[in-house]
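First the proteins, then the strands, lettered A, B, ... as listed; each starts at 1.
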There are 2 protein chains.
Amino acid sequence: MRDALVAAAFRLFLERGYEQTTVDDIVALAGVGRRSFFRYFPSKEDVVFPDHERCLADMTAFLAAGTDDEPVRRVCDAARLVLLMYAENPAFSVQRYRLTRQVPGLRAYELSVVWRYERALAGYLRARYAGLRDGTLRADVIAAAVVAAHNNALRSWLRSDGQGDAEAAVDHALEHVRAAFGAETVPAVTDGPDDVVVIVSRRGAPLWRVVQELEAALGRG
Amino acid sequence: MRDALVAAAFRLFLERGYEQTTVDDIVALAGVGRRSFFRYFPSKEDVVFPDHERCLADMTAFLAAGTDDEPVRRVCDAARLVLLMYAENPAFSVQRYRLTRQVPGLRAYELSVVWRYERALAGYLRARYAGLRDGTLRADVIAAAVVAAHNNALRSWLRSDGQGDAEAAVDHALEHVRAAFGAETVPAVTDGPDDVVVIVSRRGAPLWRVVQELEAALGRG
DNA sequence: GCTCCGGCGGTACTGAGTGCCGTGCCGATC
DNA sequence: GATCGGCACGGCACTCAGTACCGCCGGAGC
């Protein structure tokens, strides 16, 4: 029933556009009553994102399941769950992406979905950074950065019609965030003394390049 | 006319709630025709954010007006324009904040507004980082981080009923972002040789603390 | 066979948003 | 001074999303 409604809806959306398709059209094509549509989808927008609710629950469960020595890594892993959902059905994801790009109402709806993901990540980080000075600020900023990096890679993959390695692109993007915000802890070096790294930098050098040097020197490049 | 509609709308929204107020109620109180409401506000949500359109235009103009040696600083300054708009009328902003917090539809609308701000910032940074490897990624992430930091400070100020120094809070939050992403360039030292800074770091130290050390050493703390 | 119940459909309603047209008010023109 | 053209406003009628309510039916249990 749900699947039949989604299929009918997308067929009409692609044929004549989202706003030109009424709920009556959809239920007529699916051969069900109008009331049943709203039993399965709270609104017309929801039929475009039939799996986000489940994915959000998965992410929440993942974050609640446990902690990690490195909170940033944990939220990056949580973000990857979203990519997996998109990658499950590339053709569908690409069609939906084109739809949401040109329909303002769908874009707004997608933003509210993304916002809920971001709040889930920020909530986890806020708990981990509780007590730290500017802990909530740090949590919010990192959550926003993780979401932005994820979406940057995801959307460039969607724009390319699902060609290329989406996971690698997202990994690369998330690695940038981890580079910027740093890993709070790294595996201890057990087979040697506490070695040190010396960075020499000209005053006036781009700071982020210095950070890249640091990363390379610390063996995280 | 616009102001009369906004005043009537907020009076009713605060009295009986947003969803319990119809557009007919608003125009009846304001003493104007229903059709005129939609002439000034494309939707019922728009009457809650009567000045965002102007602010967005201001930000776009500010970003288009010129560049900066340090793009991150420029987008931080652009973000401050939004705070100024909120600070112009603290009482109104606090009321609106409470309204948007408890009405899902308004929250979704606000997200779409914030998204447009973020895209404006990201567009500026994308142009500045054009050609750099991962330039658009870096632009999107920084824009998201700036918006998140700004909103973190703004909302904590709104939660405190407009008490405290909003500008100082936002400055502090944005400074965190600049610390994480660094300044690409700093003023050249003219009255001395190209001096160098040496940082010694234990492998395993938190990277972001190392960045803070770097900043302090480079005289940007 | 009877009842209870959950999924489904139909009807009627509210309210947002739109298109169209009439009206009154204004300065400009002859 | 009468007329014309633009413009802002109001009113009416309509579409469509979303909701409340009720009636129908088929299966499970007694």
Side-chain angles (χ1 to χ4, degrees), chain A residues 1-50 52-54 96 99-100 102-113 116, chain B residues 1-54 96 99-100 102-113 115-116:
Chain A
M1 169 71 78
R2 253 184 82 95
D3 298 343
L5 282 169
V6 172
F10 265 82
R11 203 176 131 188
L12 291 172
F13 290 163
L14 296 176
E15 256 178 35
R16 59 176 95 158
Y18 177 80
E19 282 159 336
Q20 281 66 46
T21 304
T22 69
V23 175
D24 291 293
D25 296 335
I26 299 171
V27 296
L29 181 61
V32 300
R34 168 184 167 77
R35 196 65 190 77
S36 294
F37 179 91
F38 290 103
R39 261 189 257 277
Y40 286 94
F41 304 99
S43 76
K44 187 182 168 189
E45 283 102 353
D46 282 285
V47 80
V48 182
F49 306 91
H52 269 319
E53 211 62 39
R54 180 188 54 77
R96 171 167 63 187
L99 218 52
T100 54
Q102 58 194 11
V103 179
L106 290 179
R107 203 163 48 204
Y109 186 90
E110 192 188 37
L111 286 173
S112 73
V113 174
R116 293 173 66 192
Chain B
M1 169 73 77
R2 253 183 83 94
D3 298 341
L5 283 169
V6 172
F10 265 82
R11 204 177 130 186
L12 291 172
F13 291 163
L14 296 177
E15 256 179 36
R16 60 175 96 158
Y18 176 80
E19 282 158 336
Q20 281 67 44
T21 304
T22 70
V23 175
D24 291 292
D25 296 335
I26 299 171
V27 297
L29 181 61
V32 301
R34 167 184 167 80
R35 199 66 188 78
S36 294
F37 180 91
F38 289 104
R39 262 189 256 278
Y40 286 93
F41 304 99
S43 77
K44 187 183 167 190
E45 283 101 353
D46 282 285
V47 80
V48 182
F49 306 91
D51 37 13
H52 267 42
E53 210 63 39
R54 179 188 55 79
R96 171 166 63 187
L99 217 52
T100 54
Q102 58 194 11
V103 180
L106 290 179
R107 203 164 47 206
Y109 186 91
E110 192 187 36
L111 286 173
S112 73
V113 174
W115 178 79
R116 293 173 66 193

Atom [atom1] of [X] to atom [atom2] of [N]: distance rounded to whole Å?
{"X": "A:Phe41", "N": "C:dC8", "atom1": "CZ", "atom2": "P", "answer": "12 Å"}
{"X": "A:Gln20", "N": "D:dT15", "atom1": "CD", "atom2": "P", "answer": "16 Å"}
{"X": "B:Tyr109", "N": "C:dG17", "atom1": "OH", "atom2": "P", "answer": "10 Å"}
{"X": "B:Met1", "N": "D:dC7", "atom1": "CE", "atom2": "P", "answer": "17 Å"}
{"X": "B:Arg2", "N": "D:dC9", "atom1": "CZ", "atom2": "C1'", "answer": "17 Å"}
{"X": "B:Lys44", "N": "D:dC16", "atom1": "NZ", "atom2": "C1'", "answer": "17 Å"}
{"X": "A:Phe37", "N": "C:dG7", "atom1": "CZ", "atom2": "C1'", "answer": "18 Å"}
{"X": "A:Leu5", "N": "C:dG7", "atom1": "CG", "atom2": "C1'", "answer": "14 Å"}

Look at A:Glu110 together with A:Arg96 and state whether they make a salt bridge at an N to O cut-off of under 4.0 Å.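 Not counted as a salt bridge, because no side-chain N and carboxylate O are separated by less than 4.0 Å.
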
Is B:Ser36 close enough to D:dG10 that one of its side-chain N or O atoms is under 4.0 Å from OP1 or OP2 there?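 Yes, because at least one side-chain N or O of B:Ser36 sits under 4.0 Å from OP1 or OP2 of D:dG10.
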
Within less than 4.0 Å of OP1 or OP2 of D:dC9, is there a side-chain N or O belonging to B:Tyr40?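 Checking D:dC9 against B:Tyr40, a side-chain N or O does come within under 4.0 Å of OP1 or OP2.
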
If you count the non-hydrogen atoms of other residues, nucleotides and ligands that lie under 6.0 Å from [atom1] in [X], is the total more than 12?
{"X": "A:Arg11", "atom1": "CZ", "result": "no"}
{"X": "B:Arg16", "atom1": "CZ", "result": "yes"}
{"X": "A:Arg107", "atom1": "CZ", "result": "yes"}

CZ of B:Arg34 to CD1 of B:Ile26: how many Å apart, nearest 0.5 Å?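 Answer rounded to 0.5 Å: 10.0 Å.
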
Choosing from [options], which nucleotide comes nearest the side chain of [X]?
{"X": "B:Arg35", "options": "D:dA17, D:dC9, C:dG19", "value": "C:dG19"}
{"X": "A:Phe38", "options": "C:dA16, D:dA17, C:dG9", "value": "D:dA17"}
{"X": "A:Val32", "options": "C:dG17, D:dG18, C:dG9", "value": "C:dG9"}

Closer to the 5' end of DNA chain D via nearest nucleotide, is it A:Arg39 or A:Glu19?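 Per heavy-atom nearest nucleotide, the more 5' residue is A:Glu19.
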
Please figure out whether B:Arg34 or A:Gly31 has its closest DNA chain C nucleotide nearer the 5' end.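 The residue closer to the strand's 5' end, by nearest nucleotide, is A:Gly31.
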
